[in-house]
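Working notes, beginning with the structure itself.
In what follows, every chain begins at residue 1, and chains take the letters A, B, ... in the order their sequences are listed. Quick caveat: nothing in here was measured; it's all calculated off a predicted structure.
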There are 2 protein chains.
Amino acid sequence: MQERGVRVTPQRAHIWRVLVESGEHFTADEVWERVKNALPGLELSTVYRSLEALRTAGLVAESRLPEGPRMFEARPRIHPHLVCDGCGRIFHPDPEVGRRMFEALDADSGGFEVRELHVMVRGLCAECAGQGKDKAES
Amino acid sequence: MQERGVRVTPQRAHIWRVLVESGEHFTADEVWERVKNALPGLELSTVYRSLEALRTAGLVAESRLPEGPRMFEARPRIHPHLVCDGCGRIFHPDPEVGRRMFEALDADSGGFEVRELHVMVRGLCAECAGQGKDKAES
DNA sequence: TGTTTTCTGCCAATAATTAGCATGTGGGAA
DNA sequence: TTCCCACATGCTAATTATTGGCAGAAAACA
């Protein structure tokens, strides 16, 4: 598994497992909370360093949403987030959407070699668009 | 111009002008540097507050690139950045690319009402992909 | 102009992230 | 299997980026 150039330590194994098993994205802090149960002495700085190692190895992707600290999640090279300005929730669209966006980009990227595609959409989710009509800013 | 709900002050006018005239994106700090010539007493916190006001009014868009502090630039609702892992430079693809990506998304966004589309691509620019072949990580 | 609302300067605080250093450990070589 | 060394970790402290509180100043609108 991490015979991809990353030295395996208990810390990294746990951190990696949290990301893979949940499939969700977490801040460094949230990862820390979840791993502390199993490894009580774990330091937050170690979490940051481990996430960075996994990221460099291409195992973890990092997203910076409009608010709050960075989010980390396992793997995906194509990475769309829909952030609702009304309720603040984050949605993941159908993977097909990401694939099509990738194509649109790759077709004419002027020689740029695409490795990771991060898409962050601000707007209103179906629910918030329906009711509160406009006000927004959560 | 800012009769769009934003009270006009000299500070805001200068900040806005820096963004519009250059057409580039800057960090709050960079904006500060550029406006300090004209307004020596200007505080960085004021720059942050002004940018936030302009952003809320829809005049300024904010991007969080993979590294470094937030970037602000005038206007664009659709907003693709290509960040080269080799040299760190940031490229803006042809607007047409952004438009097609928007379409790909909008066609199947599950009722999500899109307001701003931020696209951040990591990879290698033509130049870096050509020579150093792979190493990367600037 | 007068009044009200809102910015702004100034200063301090918080949040997020990184750095330094001594010790410990994973994992290939012997 | 054991040894060795580069690299990871714990701990602590520093740095960056960003936000908050408050009193005086200055927009907008009547």
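For the helix from C:dT1-D:dA30 to C:dA30-D:dT1, the axis fitted to the five pairs at one end and the axis fitted to the five pairs at the other end meet at an angle of 50° (nearest 10 degrees).
Contact annotation: A:Tyr48 side-chain N/O to C:dT18 OP1/OP2 distance is not under 4.0 Å. Residue A:Gln11 places no side-chain N or O under 4.0 Å from the OP1 or OP2 atom of C:dT25.
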Verdict with supporting geometry, B:Met101 and B:Val119, side-chain contact (heavy atoms from CB on, under 4.5 Å): CA-CA 9 Å; B:Met101 294 187 82; B:Val119 174; 3.9 Å; yes
Every protein N/O within reach of nucleotides 1-5 of chain C N/O, cut-off under 3.5 Å:
unit_1, atom_1, unit_2, atom_2, d
C:dT5, O2, B:Arg7, NH1, 3.4
C:dT5, O2, B:Arg7, NH2, 3.1

Just the table, please: protein N/O against nucleotides 28-30 of chain C N/O, every pair under 3.5 Å.
none

Ignoring hydrogens and angles, write down the donor-acceptor pairs under 3.5 Å from the side chains of residues 29-43 of chain B, residues two or more places apart or on other chains.
unit_1, atom_1, unit_2, atom_2, d
B:Glu30, OE1, B:Thr27, N, 2.8
B:Trp32, NE1, B:Leu42, O, 2.8
B:Arg34, NE, B:Glu30, O, 3.4

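Mapping B:Arg70 and B:Thr9 onto DNA chain D by nearest heavy atom places B:Arg70 closer to the 5' end of the strand.
Below the 3.5 angstrom threshold, one finds a donor paired with an acceptor across the side chain of B:Arg49 and the base of C:dG9.
Of all the heavy atoms in B:Arg12 and B:Val6, the pair that sits closest is NH1-CG1, 3.3 Å.
With respect to the salt-bridge test (charged N to carboxylate O, under 4.0 angstrom), the residues B:Glu127 and B:Arg89 qualify.
Listed by residue number, the members of residues 25-45 of chain B with any heavy atom below 4.0 angstrom from DNA chain C are B:Gly41, B:Leu42, B:Glu43, B:Ser45.
Pairs of residues two or more places apart, or lying in two chains, that qualify as ring-ring contact (aromatic ring centres under 6.0 Å, His included) and include a residue from residues 68-95 of chain B are B:His25-B:His81, B:His25-B:His92, B:His79-B:His81, B:His79-B:His118, B:His81-B:His92.
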